There are 2 protein chains.
Amino acid sequence: MIACPKCSEVGAIMKAGYVRNKQRYVCKDCNYFFTLSDPDQTAPGKKNRRHQTTIIDIAKSIGVSNSTVSRALHGHADISPETRQAVLEMAAQMDYQPNQLAYNLVKSRTNTIGMIVPEFTNSFFPNVIIGAHEILTEAGYNLTIMQSNESYQVEVSNTRTMLANRIDGLLISLTQETNNYDHLQVFEKRGIPLVLFNRVCDHVEAPKVVVNDFDAAFTAVEHLILNGYERIAHLGGPLNLLVSRERLRGYRAAMEKYGKRVEENMVIQGMFSQQKARIYGKYLLDLENRPDAIFAVNDSSAIEIMLMALEKGIRIPDELGVVGFSDNPESAYIGPGLTTIRQPTGEIGKTTAQWILQLIDSEEEVNLPKQKVLKTELVVRGSSRRSKG
Amino acid sequence: MIACPKCSEVGAIMKAGYVRNKQRYVCKDCNYFFTLSDPDQTAPGKKNRRHQTTIIDIAKSIGVSNSTVSRALHGHADISPETRQAVLEMAAQMDYQPNQLAYNLVKSRTNTIGMIVPEFTNSFFPNVIIGAHEILTEAGYNLTIMQSNESYQVEVSNTRTMLANRIDGLLISLTQETNNYDHLQVFEKRGIPLVLFNRVCDHVEAPKVVVNDFDAAFTAVEHLILNGYERIAHLGGPLNLLVSRERLRGYRAAMEKYGKRVEENMVIQGMFSQQKARIYGKYLLDLENRPDAIFAVNDSSAIEIMLMALEKGIRIPDELGVVGFSDNPESAYIGPGLTTIRQPTGEIGKTTAQWILQLIDSEEEVNLPKQKVLKTELVVRGSSRRSKG
DNA sequence: AAAAGTATCGGGAACGTTTGCGGATACGTT
DNA sequence: AACGTATCCGCAAACGTTCCCGATACTTTT
């Protein structure tokens, strides 16, 4: 027979439906509803899960309160040297590791900066990461890196995750697909600092770290012109990205300055991908009146074109001049070396990181969103150095 | 006059010192000590800090309990369609973002995998990251990446941070300095899954993902021998790393098989750094009886040596054969292409990630620590293809 | 109509910290 | 005695979730 847990009555117990597939009873005497707990649940396994020592464990061990332990561990005042010593010793002995999750929850901060980059394959972003990483670790921050893989969808999903994980700030370089910026506006609304770098956009009120793309492109094209190239093609990036537009502007400005006609069928704006580079490269080289030089938006595209030209027996730099952008490691080694624009990758990372730290420290101060422009450098190698004439 | 907050007595109140610069009183009647709370503290500024909408806010807005909201948001049963709908709508309207920190705390899991790599500069680790990233995101996990910068101290610090942040599993490739493994044992003790890759070690009971370094080295050296090289030097990595030892073994085995004498002054074990490579390279090339081929532990060292040789006017591959390891991007493009060992970097990442997911799912099952060995491939290029004779 | 079953919801503990505020004691000074 | 000061420590409320137990109202069966 079943006894009522409340009035201990035995006779007046009746079934009263099910709850979560367990029989439910009611005692008609005291009108108390109840279910029977599984006896196999009361097995000796007290705490099945591996227990991590907590502040409370330490407190119990040496007979103080957990506030005291917390304060002792953090070197607060109001704790006697003896108590502090005892706490520290016990913590070491019990192999205490603080639970950052609990800390984060109560402090509403994570000491973590998020970083979203579109890709890892080129050397550019890894180098930016190294720079940012150095500054952030120095300041006691962690860096969580995600890659959007050049996909807008993934980028949005990444920002959501970052948001849910309550990062203290976000560093982001946009994908080539990104046209909508709602997912970034959220950070403004939430008051979470945000810094864009390299692949930036307008329409979002946040600091931006970029390089002087216009000048760089201008210099590159000017360099080609001064080396006697006339009909210079441009293989650019997607136009929704500011970098692409700036580089295009630089290209046009240089052409105009030196009175070169821009042949619009030799200006192509494409996606950043090896496959696309190959397609556009083939198109350019197969033109019946093909260009005598190409300024490409990045080194991998430039190299792709160089290889195709060499295959076709087109001599570089004599018959075709090539300039890339970014100075990838392989660019120095390919024969003839690829002339390119070196970007201060480490500096970009450092600057971005420093800026977000400032924003975090400046406690809601209304920092006018500004833009930092870092300087690039033209690295002249064989691919564009034509013996004059 | 001041009244006792406890007995409301007015006459028996006396001053009783200060606490935190505030006047303290005692009621002689009930012996109750107290201070007066500042009236200016009750200012209208309710919540100064920016408030993120929580589950509780939603609950209040539509008049249900937070348990209901939680269940509705997670698509649990026991919630009527109408309520669920109302909750979802209100959540969207209030722009609710779940607080992952609170979730993590209560669930004791973070859905985050940590990854510690020694460096970013070579293309190897970025590619491994790409592979691991793909698997992990697919499985709904985040990836937090840290770099130890080839420093043991930083590596230890990184593991501590990972531990404090309660990652669900760790993927790690050791630094070249790492000789002590206590910081990894902690993960075993805590029951946190751990997988080592590439730079692995013995002395730690965890799965390891490596490549067939011995075979690869053997094949590389054999290839040199078959191309007519006789006196082959080896520029290896630090011997505390298993990779270095395996590659050295492979080198020796190949030399022995073909009856070539290993000249011990031409076997150098150094650190992974460009500077060291330059020093050792100079040493090797300046030997009065210099080697006619070099098998290097990685491509950057190999390339460094190639450049030095070219400067000295040593012809490659005729006077000096060179084989590297890893197939960096630049290796395909340098002078005569660099013969090297291609590692399945993406596969390494994927395998490592898959394994840690298995460990997490397998709930404390005693998986015997095993080792997975992935296959490499010899990529023959110009630096070792000598016209026989 | 009583008994049994179903569907839907709420209360509240737990997760491990931090921290504001008050309590207790000890000792010195009027 | 009465009061002042300093030092050290504890209580308990957050932080935002999840989830175990129920509780309530209604429908269906006996």
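All values below were derived from every heavy atom in this structure, side-chain atoms included, with hydrogens, water molecules and symmetry-related copies excluded. All of these numbers come straight from a predicted model, not from anything done at the bench. A note on names: the letters A, B, ... follow the listed sequences, proteins ahead of strands, and every chain is numbered from 1.
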Problem set entry | Non-neighbouring partners of D95(B) that pass salt bridge (Lys or Arg N to Asp or Glu O under 4.0 Å), sequence neighbours left out | R190(A)
For this session: For Q354(A) and Q358(A), test the side chains for any donor-to-acceptor distance below 3.5 angstrom and give the result as yes or no.
Result: no
Applying side chain to side chain contact (heavy atoms under 4.5 Å, CB included), can you list everything that pairs with [X], at least two apart in sequence or on another chain?
| X | answer |
| --- | --- |
| Q153(B) | S151(B) |
| L73(B) | I55(B), V69(B), V87(B), L88(B), A91(B), Y96(B) |
| D57(A) | H51(A), T53(A), T54(A), M94(A) |

For this session: Identify, with sequence neighbours excluded, every residue that meets ring pair (Phe, Tyr, Trp, His ring centres under 6.0 Å) alongside Y25(A).
Result: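 Partners of Y25(A) under the ring pair (Phe, Tyr, Trp, His ring centres under 6.0 Å) test: F34(A).
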Problem set entry | Touch class at under 4.0 angstrom, heavy-atom based, for L105(B) against every strand present | base
Problem set entry | Separation between CD1 of I113(A) and CG of L357(A), rounded to the nearest 0.5 Å | 6.0 Å
Please report the distance, rounded to the nearest Å, between [atom1] in [X] and [atom2] in [N].
| X | N | atom1 | atom2 | answer |
| --- | --- | --- | --- | --- |
| I56(A) | dA14(C) | CD1 | P | 11 Å |
| Y103(A) | dG16(D) | OH | P | 16 Å |
| I55(A) | dG10(D) | CD1 | P | 13 Å |
| N104(B) | dT17(D) | CG | P | 12 Å |
| R109(A) | dT17(C) | CZ | P | 18 Å |

Problem set entry | Among L143(A), T137(A), N142(A), side chain to side chain contact (heavy atoms under 4.5 Å, CB included) partner for M146(B) | N142(A)
Exercise. Knowing that exactly one of I62(A), D78(A), T68(A) qualifies, which makes a side chain to side chain contact (heavy atoms under 4.5 Å, CB included) with T83(A)?
Worked result: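 When I62(A), D78(A), T68(A) are each tested with T83(A), the side chain to side chain contact (heavy atoms under 4.5 Å, CB included) holds only for T68(A).
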Exercise. Looking at DNA chain C, which of residues 157-167 of chain B put a heavy atom within less than 4.0 Å of it?
Worked result: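 None - not one residue of the stretch has a heavy atom sitting under 4.0 Å from the strand.
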Seminar exercise, completed: Under a 4.0 Å heavy-atom cutoff, the residues of residues 89-101 of chain B touching DNA chain C are none
Problem set entry | Pair listing, side-chain hydrogen bond (donor to acceptor under 3.5 Å, both in side chains) test, anchored in residues 155-164 of chain A, at least two apart |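 Applying side-chain hydrogen bond (donor to acceptor under 3.5 Å, both in side chains) to every pair that reaches into residues 155-164 of chain A, excluding sequence neighbours, yields E155(A)-T178(A), E155(A)-H183(A).
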Using a 3.5 Å distance criterion without hydrogens, assess whether the side chain of [X] forms a donor-acceptor pair with backbone atoms of [Y].
| X | Y | answer |
| --- | --- | --- |
| N165(A) | I167(A) | no |
| S148(A) | T175(A) | no |
| D168(B) | N111(B) | yes |
| H74(B) | S70(B) | yes |

Problem set entry | Sorted by number, the residues of residues 64-75 of chain A with heavy-atom contact under 4.0 Å to DNA chain D | V64(A), S65(A), S67(A), T68(A), R71(A)
Exercise. Is any side-chain N or O of K107(A) closer than 4.0 Å to OP1 or OP2 of dA14(D)?
Worked result: no
Problem set entry | Pairing residues for T112(A) by the side chain to side chain donor-acceptor pair (under 3.5 Å) criterion, not counting sequence neighbours |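 Per chain and number, T112(A) pairs via side chain to side chain donor-acceptor pair (under 3.5 Å) with no residue.
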For this session: Test I172(B) against V117(B) for side-chain contact (heavy atoms from CB on, under 4.5 Å), laying out the working first.
Result: CA-CA 6 Å; I172(B) 187 171; V117(B) 296; over 6 Å; no
For nucleotides 1-8 of chain C, give me every protein contact, N/O to N/O, under 3.5 Å, one pair per line with atom names.
residue, atom, partner, partner atom, Å
dA4(C), OP2, K15(A), N, 3.4
dA4(C), OP2, K15(A), O, 3.2

For this session: Rounding to 10 degrees, work out the angle separating the end axes of the helix from dA1(C)-dT30(D) to dT30(C)-dA1(D) (five pairs an end).
Result: 70°
